[in-house]
There are 2 protein chains.
Amino acid sequence: MSEFELIAHLTKDFPSFCKEVVVGVGDDCAVLNWNEQYYLLITTDMLVEGIHFDPIYTPLQHLGWKSVVVNLSDIYAMNGRPLAITVSIAFSNRYNEEMLSLLYRGIRAACKNYRVDLIGGDTTTALKGLSISVTAIGIVEKERLTLRKGAKPNDLICVSGDLGAAYAGLQILEREKAVFLQNPEMQPDLASYEYVVGRQLKPSARRDIMEYFLLNDIVPSAMIDISDGLANEIHHICKQSQCGAVIDLNRLPIDHETILVAERFEVPYTTYALYGGEDYELLFTLHPRYYDIIKTDKDFIHVIGYITDEPQQVYIKDLNGNKVELQPMGWDHLKR
Amino acid sequence: MSEFELIAHLTKDFPSFCKEVVVGVGDDCAVLNWNEQYYLLITTDMLVEGIHFDPIYTPLQHLGWKSVVVNLSDIYAMNGRPLAITVSIAFSNRYNEEMLSLLYRGIRAACKNYRVDLIGGDTTTALKGLSISVTAIGIVEKERLTLRKGAKPNDLICVSGDLGAAYAGLQILEREKAVFLQNPEMQPDLASYEYVVGRQLKPSARRDIMEYFLLNDIVPSAMIDISDGLANEIHHICKQSQCGAVIDLNRLPIDHETILVAERFEVPYTTYALYGGEDYELLFTLHPRYYDIIKTDKDFIHVIGYITDEPQQVYIKDLNGNKVELQPMGWDHLKR
């Protein structure tokens with residue numbers, strides 16, 4: 001059972017009382033009525049030692065930063081603006097006060113950068129490891145709310161930034177860890193892979209894209225953030241929008257460092273771009289009328305395909321022009 | 001460094017951007033402007049295996065229930081009404097789908113009973129154990145918001161329900177566990193301690209008290225929920241309200257089962273009532289003018305003392321009428 005199936009199974013048959021709830025489980029954020037003008041957005045994510053991060057190569061400051069950013073990314077994916085976060089941590093006695101201070105320095109840096117307030121949380125000991133649970137709240141103008149559902153046939157499929165770099169960074173870090181464990185005297189060779197390693201350890205959330213939409217009076221028809229890889233996320237949009245998609249492999253934005261890593265590991269670089277997760281870029285669909293606006297902003301918005309009317313049929317046009325089905329798989333499948 | 005000091009240390013120097021934030025870290029909930037009529041309340045709590053619960057004697061359904069209730073209790077402690085929760089869990093491979101279903105059955109039962117919606121969450125694997133992180137949101141009419149600060153000299157100090165039972169229940173469960181580990185054939189003897197064991201495993205949040213205040217047009221001057229024991233909580237109120245308190249040991253409401261357990265363990269039962277945590281009763285202060293209303297409701301509201309003007313001087317009047325200082329200690333101190 002996948003994580004998605006498990007959540008669906010566990011949360012089925014829950015009663016509904018609160019008339020303020022507009023969207024519950026199943027999008028990047030829950031949506032509640034806030035006031036006449038705004039919806040309230042809520043999202044939560046947990047990072048667990050040994051699952052989401054390896055303490056051997058994860059600086060605690062970066063980890064603090066990332067634990068905030070992955071939640072803010074979900075707020076931006078609703079076309080919203082984050083306001084505040086709560087942070088709960090559970091830590092074993094291996095974590096002393098100085099280490100926790102480093103973690104919170106990263107949390108504070110993210111709060112400062114994204115202009116959100118830390119408004120609460122919980123700290124507790126744990127028998128083992130470190131877990132960080134962050135909840136973010138934000139707001140969105142009612143007419144700008146963007147859900148996963150809403151994509152329409154012929155809409156353009158777009159992504160911000162580039163894809164696969166965070167996964168490439170993870171591969172490098174894992175390799176360096178293996179080298180280090182064999183020979184602890186050796187210094188890690190990360191300098192040539194600064195970009196991809198940075199994408200893994202200290203990702204950004206795309207506030208600029210949300211602001212770009214606002215400035216250019218664009219409301220995407222559907223949006224999601226790419227935490228589990230493009231292949232998974234496009235399937236989420238197609239499932240909830242009752243549509244299909246064609247993605248052009250030639251058009252996937254991929255950094256040259258990601259390509260270098262893929263070559264080094266002898267994996268097609270498109271595999272990283274399609275299935276590698278944790279990029280925290282935004283995947284969104286736009287009515288074709290917006291094309292004239294975005295075509296001048298090719299540096300950070302990339303049209304990678306289009307929406308079709310075939311429910312949940314997702315195809316990629318490969319480098320030779322052949323159309324093949326794209327399965328919803330990610331990161332965790334790649335690792336096996 | 002205590003948990004309170006650690007939180008204060010880690011969260012100091014955080015910037016503040018969001019003008020909607022009325023109260024941040026430091027009360028039972030954070031408070032944000034919601035609309036003309038209401039504030040939004042947010043609170044979060046994490047339960048960690050081996051720290052907050054022992055899987056040997058904690059039924060998963062009860063654990064799910066409790067993980068919700070401890071958060072709703074914080075909403076009631078602001079005189080508010082919970083609307084919705086998010087639930088994140090991290091679980092090791094010792095937890096199968098059936099066990100997680102039991103956990104969520106308890107979560108669902110609490111949602112149903114307290115009429116709140118489950119609106120989101122996160123599920124992830126963990127290398128070890130089970131952690132549950134719940135965030136609750138609620139609302140409160142602006143003129144009914146009750147903070148920890150606000151207690152005034154001569155206010156009555158009141159508690160709902162009875163005190164010390166949850167800690168007494170824990171003692172019984174720990175003893176039965178020790179017996180069980182020595183002799184796994186033996187059936188646990190919990191029947192004579194049903195009340196206190198229930199208070200530990202499946203606590204209630206005092207929605208009825210919030211509703212009673214509403215019905216009787218009462219707004220407490222200060223309120224907090226008793227999760228870390230009366231001694232700690234009264235100090236929180238006194239610190240934030242810049243006042244002192246005198247608590248009359250004779251007036252502490254204590255169930256006869258709690259007294260039986262205390263006698264069995266040869267501990268003064270007032271120790272359980274003062275320092276034992278997890279009762280999730282409400283501790284609140286009332287202007288004396290309300291006395292005529294509450295005096296007829298002695299079954300569930302107990303006047304246990306009064307507020308003084310001596311900053312942070314908290315005394316108990318013991319059973320012989322002597323006044324002695326009450327230190328802010330709890331549960332975790334008792335266990336040592």
Side-chain angles (χ1 to χ4, degrees), chain A residues 1 3 6-7 9-11 13-18 20-21 23-25 29-30 32 34-36 40 42-52 83-84 86 88-90 97 100-101 103-104 107-108 111-112 115-129 131 133 135 137, chain B residues 1 3 6-7 9-11 13-18 20-21 23-25 29-30 32 34-36 40 42-52 83-84 86 88-90 97 100-101 103-104 107-108 111-112 115-129 131 133 135 137:
Chain A
M1 205 183 263
E3 193 202 325
L6 180 64
I7 292 180
H9 172 69
L10 294 175
T11 61
D13 298 333
F14 265 69
S16 171
F17 302 102
C18 178
E20 280 87 355
V21 176
V23 178
V25 176
C29 294
L32 278 83
W34 170 266
N35 56 29
E36 289 252 312
L40 177 74
I42 304 186
T43 183
T44 188
D45 255 308
M46 207 168 179
L47 299 185
V48 178
E49 181 175 321
I51 307 293
H52 301 97
L83 294 181
T86 64
S88 295
I89 58 170
E97 191 201 312
L100 296 177
S101 289
L103 181 75
Y104 271 76
I107 292 170
R108 187 167 62 230
C111 283
K112 227 167 162 172
R115 303 181 65 80
V116 298
D117 287 23
L118 175 74
I119 56 168
D122 195 12
T123 62
T124 170
T125 48
L127 293 185
K128 211 177 168 194
S131 304
S133 175
T135 299
I137 63 162
Chain B
M1 206 182 261
E3 193 202 325
L6 180 65
I7 293 179
H9 173 69
L10 294 175
T11 61
D13 298 333
F14 265 69
S16 170
F17 302 102
C18 177
E20 280 87 355
V21 176
V23 177
V25 176
C29 294
L32 278 84
W34 169 268
N35 56 26
E36 290 252 313
L40 177 73
I42 304 187
T43 183
T44 187
D45 256 308
M46 205 168 180
L47 299 186
V48 177
E49 180 175 321
I51 307 293
H52 300 98
L83 294 181
T86 65
S88 295
I89 58 170
E97 191 200 312
L100 296 178
S101 287
L103 181 75
Y104 271 75
I107 293 171
R108 188 167 62 230
C111 283
K112 226 167 164 173
R115 303 182 65 80
V116 298
D117 286 24
L118 176 74
I119 57 168
D122 194 12
T123 61
T124 170
T125 48
L127 293 185
K128 211 177 168 193
S131 304
S133 175
T135 299
I137 64 162

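Just the heavy atoms: all of them, side chains too, but no hydrogens, waters or symmetry mates, feed the values below. A note on names: the letters A, B, ... follow the listed sequences, proteins ahead of strands, and every chain is numbered from 1.
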*Asks:* So which pairs with a foot in residues 43-52 of chain B pass salt bridge (charged side-chain N to carboxylate O under 4.0 Å, His left out), sequence neighbours left out?
*Replies:*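 Matches after skipping sequence neighbours: B:E49-B:R94.
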*Asks:* Determine the minimum heavy-atom distance between A:W34 and B:N35, stating which atoms define it.
*Replies:*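 Minimum heavy-atom separation between A:W34 and B:N35: O-ND2, 3.8 Å.
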*Asks:* What residue, out of A:T11, A:T43, A:V23, A:L40, has the most heavy-atom pairs lying under 4.5 Å from chain B?
*Replies:*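 The answer is A:L40.
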*Asks:* Heavy-atom distances under 4.5 Å only: say whether B:S131 touches chain A with side chain, backbone, both or neither.
*Replies:*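 It is both, since atoms from each part get that close.
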*Asks:* Are the side chains of A:K112 and B:F14 in touch, meaning some heavy atoms are under 4.5 Å apart?
*Replies:*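 No, their side chains stay 4.5 Å or more apart.
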*Asks:* Return the OH to CG distance between A:Y104 and B:L6, rounded to the nearest 0.5 Å.
*Replies:*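 Going from the OH atom of A:Y104 to the CG atom of B:L6 covers 7.5 Å.
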*Asks:* For B:L103, which atoms come within 4.5 Å of any heavy atom of chain A: side chain, backbone, both, or neither?
*Replies:*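 Neither part.
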*Asks:* Are B:R108 and A:P15 side-chain neighbours, meaning at least one heavy-atom pair lies under 4.5 Å?
*Replies:*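 Yes, their side chains come closer than 4.5 Å.
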*Asks:* Chain A heavy atoms under 4.5 Å from B:L47: which part of the residue, side chain, backbone, both or neither?
*Replies:*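 Answer is neither: B:L47 stays 4.5 Å or more from chain A.
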*Asks:* About how many Å separate NE2 of B:H9 and OG1 of A:T123, when rounded to the nearest 0.5 Å?
*Replies:*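 Between atom OG1 of A:T123 and atom NE2 of B:H9 there are 12.0 Å.
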*Asks:* Which residue is it: A:V25, A:L32, A:T44? I am looking for the one with a side-chain contact (heavy atoms from CB on, under 4.5 Å) to B:I119.
*Replies:*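 Among the candidates, only A:L32 passes.
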*Asks:* First locate atom CD1 of A:I89, then atom OG of B:S133, and finally report the distance between them rounded to the nearest 0.5 Å.
*Replies:*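 Separation between the atoms: 11.5 Å.
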*Asks:* Need one label for B:L10: side chain, backbone, both or neither, based on atoms under 4.5 Å from any heavy atom in chain A.
*Replies:*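 Both parts, backbone and side chain.
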*Asks:* Rounded to the nearest 0.5 Å, what's the gap from OG1 on A:T135 to CG on B:D122? Could you check?
*Replies:*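 A:T135 OG1 to B:D122 CG: 9.5 Å, rounded to 0.5 Å.
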*Asks:* In terms of heavy-atom proximity below 4.5 Å to chain B, should A:S88 be classed as side chain, backbone, both, or neither?
*Replies:*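 Both parts, backbone and side chain.
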*Asks:* Below 4.5 Å from any heavy atom of chain A, which atoms of B:L83 appear? Answer side chain, backbone, both or neither.
*Replies:*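 Looking at B:L83, backbone and side chain both touch chain A.
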*Asks:* Examine distances only and state if a side-chain atom of B:D117 and a backbone atom of A:S16 form a donor-acceptor pair shorter than 3.5 Å.
*Replies:*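 No, because the side chain of B:D117 does not come within donor-acceptor range (under 3.5 Å) of the backbone of A:S16.
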*Asks:* Counting heavy-atom pairs closer than 4.5 Å to chain A, which one of B:C18, B:C111, B:G24, B:A126 comes out on top?
*Replies:*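 Winner by heavy-atom pair count: B:C18.
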*Asks:* Examine whether an atom of A:I42 lies under 4.5 Å from a heavy atom of chain B, and if so say whether it belongs to the side chain, the backbone or both; otherwise answer neither.
*Replies:*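 A:I42 touches chain B through side-chain heavy atoms alone.
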*Asks:* Can you tell which part of B:K128 gets under 4.5 Å to a heavy atom of chain A, answering side chain, backbone, both or neither?
*Replies:*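 The answer is the side chain of B:K128.
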